[in-house]
Amino acid sequence: MNGRILIAGIGNVFLGDDGFGVETARRLADPGHGLPGHVEVVDIGVRGVHLAYQLLDGYDTLVLVDATARGGAPGTLYLIEAAEPGTLAPQSPVLDGHQMSPDAVLALLETLCAGTGTAPPRRIWVVGCEPGSLEEGIGLSTPVAAAVPEAVRMVLDLVLSRDEELLDQERNATAN
């Protein structure tokens, strides 16, 4: 693979804490973070089909940033390594372009890859945040807003450690 990394902010900014991924992506896109050129940050929002098609461009690693209800306290952050591509069953209709969960996007991606001969990302991570409120309204709740800077750090650490891992692999291959 090519080492390209896509960081995708997922969510609906009109549903309170569901906008967590979008806000985190907005902050990650700040040039002050100095992300390497092979790392792309995008605000996907609710455009799941767009994400699936964008992934056909060839990425080694995908980092999804999204509100993730797992039963913790609002603002709790999670780092989840997604299952092997092709093993996720969609939780919503695959072709509902505005209601696609990340697992539905990945299931659609598998179908698209099979039809085009491309490969899905080898590694898929989810940086999730426990939402406090998914009610209609713009703006994050206090605990979720407070978690955004730490989520930015988590993503940066993940991406930069991935770069170090690739450099080590290249050094080892050159030495052998």
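Positions are given from 1 along the sequence. Quick caveat, the model's predicted, so the values are computed rather than measured.
- Contact detail for Y78 and T68: the closest heavy-atom pair is CE1-O, 3.5 Å.
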message = Using side chain to side chain contact (heavy atoms under 4.5 Å, CB included), reason through L15 and I138 one step at a time and then give a plain yes or no.
response = CA-CA 6 Å; L15 295 177; I138 297 174; over 6 Å; no
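- Hydrophobic cluster membership differs between V148 and V13, with clusters built from Ile, Leu, Val, Met, Phe, Trp and Tyr side chains linked at under 4.5 angstrom.
- None of P131, P143, S133 except one satisfies the side chain to side chain contact (heavy atoms under 4.5 Å, CB included) rule with P74; the exception is P143.
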key: Criterion side chain to side chain contact (heavy atoms under 4.5 Å, CB included) on D57 and R4, from CA distance to verdict   = CA-CA 10 Å; D57 288 341; R4 291 177 65 204; 4.1 Å; yes
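- Between E150 and L77, the closest heavy-atom pair is CG-CD1, 3.5 Å.
- A distance-only check finds no donor-acceptor pair linking the side chain of T76 to the backbone of G72 [under 3.5 Å].
- With N12 contributing its side chain and F14 its backbone, the two residues share a donor-acceptor pair below 3.5 Å.
- The line from NE2 of H38 to OG1 of T61 is 8.5 Å long, rounded to the nearest 0.5 Å.
- Residue pairs that meet the salt bridge (charged side-chain N to carboxylate O under 4.0 Å, His left out) test with at least one member in residues 129-144, sequence neighbours left out, do not exist here.
- A distance-only check finds no donor-acceptor pair linking the side chain of H33 to the backbone of V152 [under 3.5 Å].
- Minimum interatomic distance between F20 and A67 (heavy atoms only, all atoms of both residues): CD2-N, 4.0 Å.
- Of the charged side-chain nitrogens involved, at least one lies within less than 4.0 Å of a carboxylate oxygen, so that D60 and R122 count as a salt-bridged pair.
- Atoms CD and CG, from E23 and L140 in turn, are 6.0 Å apart once rounded to the nearest 0.5 Å.
- The side chain to side chain donor-acceptor pair (under 3.5 Å) test applied to E40 returns Q54, Y59, not counting sequence neighbours.
- Between the CD1 atom in I10 and the CG atom in D43 there is a gap of 9.0 Å [rounded to 0.5 Å].
- Taking every heavy atom of both residues into account, G75 and V144 meet most closely at N-CG2, 4.0 Å.
- A distance of 10.0 Å separates CD1 of I80 from CG of L64, quoted to the nearest 0.5 Å.
- In this structure, the side chain of T24 does not engage the main chain of V22 through any donor-acceptor pair within 3.5 Å.
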query = Does the pair M154 and L79 meet the rule for a side chain to side chain contact (heavy atoms under 4.5 Å, CB included), with working shown?
reply = CA-CA 8 Å; M154 283 177 74; L79 178 60; 3.6 Å; yes
inquiry  = L62 vs L55, test: side chain to side chain contact (heavy atoms under 4.5 Å, CB included). Steps then yes/no.
reply    = CA-CA 8 Å; L62 170 64; L55 289 168; 3.8 Å; yes
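- Hydrophobic cluster membership differs between L134 and I44, with clusters built from Ile, Leu, Val, Met, Phe, Trp and Tyr side chains linked at under 4.5 angstrom.
- Residues passing the side chain to side chain donor-acceptor pair (under 3.5 Å) test with S141, sequence neighbours excluded: D17.
- The two atoms that bring V39 and L35 nearest to each other are CG1-CD1, 4.1 Å, heavy atoms only.
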